[in-house]
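The next block holds one structure in the form of structure tokens; read it before the comments.
When reading the values below, keep in mind they use all heavy atoms of this one structure, side chains included, and skip hydrogens, waters and symmetry mates. Reminder, nothing fancy here: chain letters follow the sequence lines and each chain counts from 1.
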2 protein chains.
Amino acid sequence: MPKLWNETIDTHRAAVRETTLDATAALVAEHGLLSVTMSQIAERTGIGRATLYKYFPDMEAILLAWHERQINRHLDHLAGVREHAGTTRLEAVLEAYALHLHEIPRHADGEIAAFLHRGEHMAHAHQRMHAMIRDLLIEGIKTGEVRGDIAPDELATYCRHALAAARNLPSKAAVRRLVNVTIAGLRPLR
Amino acid sequence: MPKLWNETIDTHRAAVRETTLDATAALVAEHGLLSVTMSQIAERTGIGRATLYKYFPDMEAILLAWHERQINRHLDHLAGVREHAGTTRLEAVLEAYALHLHEIPRHADGEIAAFLHRGEHMAHAHQRMHAMIRDLLIEGIKTGEVRGDIAPDELATYCRHALAAARNLPSKAAVRRLVNVTIAGLRPLR
């Protein structure tokens with residue numbers, strides 16, 4: 001087949017996939033994670049059920065793909081924050097990360113959330129997040145903004161865990177205070 | 001029945017329970033969480049299987065009771081650390097807590113761990129741990145050791161999450177550095 005034809009097929013496949021995941025996102029927002037079905041997605045997208053099953057063997061595969069896309073979009077967003085935040089990159093990225101954790105809907109909790117978070121894509125996402133924070137810490141150590149007596153990898157592990165508290169805080173103001181306290185822990189000793 | 005008789009029965013029941021949980025602890029240590037059976041426990045303790053089933057309907061009930069006892073013992077230990085640490089109570093308790101998290105065996109991970117951690121006793125344990133840390137923070141705010149511009153409840157949430165990183169650190173030395181960074185975050189602003 002000519003290259004152009006392959007590209008057309010690839011584009012078509014990507015479009016079916018994106019359309020499916022868009023419909024999944026809307027249905028999850030409307031009805032929650034547990035009640036979305038393949039039939040609803042077929043109906044919403046106009047993609048035939050037979051075609052849908054060629055792309056995704058079951059609802060779990062769709063939810064995993066949807067979750068992976070969500071997480072990657074969020075990481076891309078954080079990378080954008082990093083590029084545009086100027087001298088306060090570390091603070092800007094940690095705050096955007098914590099606010100994101102804070103805003104994840106509560107319906108995402110429970111067994112289905114546990115299933116999604118066991119997905120392989122989460123290990124990659126954690127690694128990517130960890131590397132992003134670590135690189136900002138290395139930068140901060142160079143400028144003297146971050147203490148240099150502890151390995152940046154350990155400090156990144158501290159940051160990720162401390163900021164996970166954002167899930168359990170009652171307001172954005174409380175999340176900003178958490179970021180403030182977490183960053184205070186990173187400062188060079190007096 | 002006279003009161004004394006009731007007390008004798010209660011003592012007997014407590015003894016059967018404790019013996020069962022001791023055997024469970026030993027078997028978990030030997031074979032891991034997943035492979036302990038009611039038969040093994042009956043054999044190890046000499047308690048008849050019929051009696052055992054009167055106390056615990058299934059293996060999950062035994063594991064939940066064993067886990068609850070483990071957690072409560074650990075919290076009692078931390079309360080002891082608090083009583084005997086003198087002026088560095090906050091540091092001493094946070095370090096003992098973080099080292100404990102670090103030392104939880106890796107075989108406790110996975111689905112059975114997720115099941116145990118969904119148990120009601122964990123909500124109580126988290127509350128007790130949270131209250132212990134919060135009270136130490138209130139004390140620290142009074143002595144000027146801890147910043148007073150953020151609610152102690154929020155600071156306690158920060159501490160618990162930051163110290164959870166101890167699970168993923170490679171050494172006790174790294175855990176001590178984590179405690180050091182976490183406490184640095186609590187200090188009054190310069």
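Hydrophobic clustering (ILVMFWY, side-chain heavy atoms < 4.5 Å, transitive): A:Leu78 and A:Ile138 are in distinct clusters. Hydrophobic clustering places B:Val93 together with B:Leu99 (ILVMFWY residues linked when any side-chain heavy atoms are closer than 4.5 Å, directly or through intermediates). By the criterion of side-chain heavy atoms lying less than 4.5 angstrom apart, applied directly or through intervening Ile, Leu, Val, Met, Phe, Trp or Tyr residues, A:Phe56 is grouped together with A:Val16 in one hydrophobic cluster.
Residue B:Arg160 does not touch chain A at all, counting heavy-atom pairs closer than 4.5 Å.
Counting non-hydrogen atoms of other residues, nucleotides and ligands closer than 6.0 Å to CZ of A:Arg13 gives a total of 12 or fewer. The 12-atom threshold is not exceeded at CD of B:Glu120, counting heavy atoms of other residues, nucleotides or ligands nearer than 6.0 Å. Atom CZ of B:Arg89 has more than 12 heavy atoms from other residues, nucleotides or ligands within 6.0 Å.
Qualifying side-chain hydrogen bond (donor to acceptor under 3.5 Å, both in side chains) partners for B:Asp76, counting only residues two or more places apart in sequence or in other chains: B:Arg128.
Contacts of residues 37-54 of chain B with chain A at a heavy-atom distance below 4.5 Å are absent; not one residue qualifies. Of residues 139-156 of chain A, those residues with a non-hydrogen atom less than 4.5 Å from any non-hydrogen atom of chain B are, in numerical order, A:Arg147, A:Ile150, A:Glu154, A:Leu155. Against chain B, the residues from residues 171-179 of chain A that qualify, each with a non-hydrogen atom under 4.5 angstrom away, are A:Ala174, A:Arg177, A:Leu178 in number order.
What you find for A:Ala164 and B:His161 is that their closest heavy atoms are C-CD2, 3.7 Å.
How far OH of B:Tyr158 is from CG of A:Leu163: 9.5 Å, rounded to the nearest 0.5 Å.
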